[in-house]
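A quick write-up on the structure given underneath.
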Amino acid sequence: MLGEGNVAHTAMSGNGTTAGDDPLQTAVWRLRSRACWADAAALLVPATPAAALQRASLLVERCLYTEQGWEEAEDALRTAEALAHSDEERGAAACERGYLAYAATLLAVRDRADEARAALGRAAALIPPGAPQRALLDFRRGLLAENLTLAPQAARAAYRRAHAGATARPDPLLLSFTWRHLAGLALRDGELAEARHGFAESLRIREELGYLVGTAPALVSLADTETEPEASRLREEARRLFRLLGGVPTWLARQLAPVPPAATA
């Protein structure tokens, strides 16, 4: 699945949906969800391993959605790697390193597939099963299998592990991604009803969370499983959101381009 099928999420607390959310995290989430990654990162002082990692993950995500900001992401990631002390902190930094390398490869900036595999493998060795970061790691290993290794069965298994972990935690944003990617594989296999259900669940979660930057891609995916006039309605809503966010995510432009009229003899 091209487009956001290639883009994952970065697990962060504080999505502004519960009364107990930290005000800083809520502010970060609101900026992030509206495609303001640099502004969100500016709120975080990278003085602790957790803050440095969160700042790096925001800037890595910006690369995926805008295809820009690679050097800033690299710098932030090096800071996070330098501050990491425990195995889980080092593993989480390695997970971001692998994800940035994956994104650079996928978006044809530079082939870093070997670095992506090595970094995610290192993360898997450092992050034990059942740890909070494990579901995100499983998801990203699924992305690698689906889009770089071209191994859909391995991708499906990894997405299912991530889905189970995100359900147990719970991590609703990650669930929106696992629903979406499992649906994408179902659509590839011709399982239209299963695909429609997964895409609808992904869209529902994103709308409930207010994850605006991920809503347009979810609308487009669901449109691919619907008949007219619903399909056109969903795509038009996606175009509206895409324009509202200034043409982000950039790769969605190809999917929202008008279909040229059929040639006549």
Joint hydrophobic cluster, L120 plus I127, side-chain heavy atoms closer than 4.5 Å: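 Yes, because L120 and I127 connect within a single hydrophobic cluster, where side-chain heavy atoms sit under 4.5 Å apart.
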task: Spell out, yes or no, whether F242 and L64 are grouped together once hydrophobic residues are joined by side-chain heavy atoms under 4.5 Å, including indirect joins.
output: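 Linked, F242 and L64 end up in one cluster.
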Could you measure the distance from the [atom1] atom of [X] to the [atom2] atom of [Y]? Nearest 0.5 Å is fine.
X    : Y    : atom1 : atom2 : answer
F177 : D171 : CZ    : CG    : 10.0 Å
R117 : T105 : CZ    : OG1   : 8.5 Å
R169 : L136 : CZ    : CG    : 8.5 Å
L234 : R239 : CG    : CZ    : 11.0 Å

Looking only at side-chain N and O atoms, does [Y] offer a donor or acceptor that is under 3.5 Å from a partner on [X]?
X    : Y    : result
E61  : W37  : yes
Y159 : D138 : no
E96  : S57  : no

message: Would R206 and Y211 count as a cation-pi pair here, with the cationic atom under 6.0 angstrom from the ring centre and within 45° of the axis?
response: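 Verdict for Y211: no cation-pi partner in R206.
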Identify whether the distance between the nearest side-chain nitrogen and carboxylate oxygen of [X] and [Y] falls below 4.0 Å.
X    : Y    : value
E194 : R188 : no
R233 : E228 : no
R240 : E237 : yes
D224 : R196 : no
R156 : D189 : yes
E71  : R62  : no

On a heavy-atom basis, which atom in [X] and which in [Y] lie closest, and how many Å separate them?
X    : Y    : value
A166 : A135 : N-CB, 3.9 Å
L185 : P152 : CD1-O, 3.9 Å
A56  : A80  : CB-CB, 4.3 Å

query: Do F139 and H163 make the cut of ring centroids closer than 6.0 angstrom?
result: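 Centroid distance F139-H163: not below 6.0 Å, so no.
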task: Show the numbers, then the answer: is there a salt bridge (Lys or Arg N to Asp or Glu O under 4.0 Å) between E115 and R97?
output: CA-CA 8 Å; E115 181 187 350; R97 167 69 59 192; 3.8 Å; yes
query: Any side-chain heavy atom of L209 sitting closer than 4.5 Å to one from W29?
result: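 They are in contact (side-chain heavy atoms under 4.5 Å apart), so the answer is yes.
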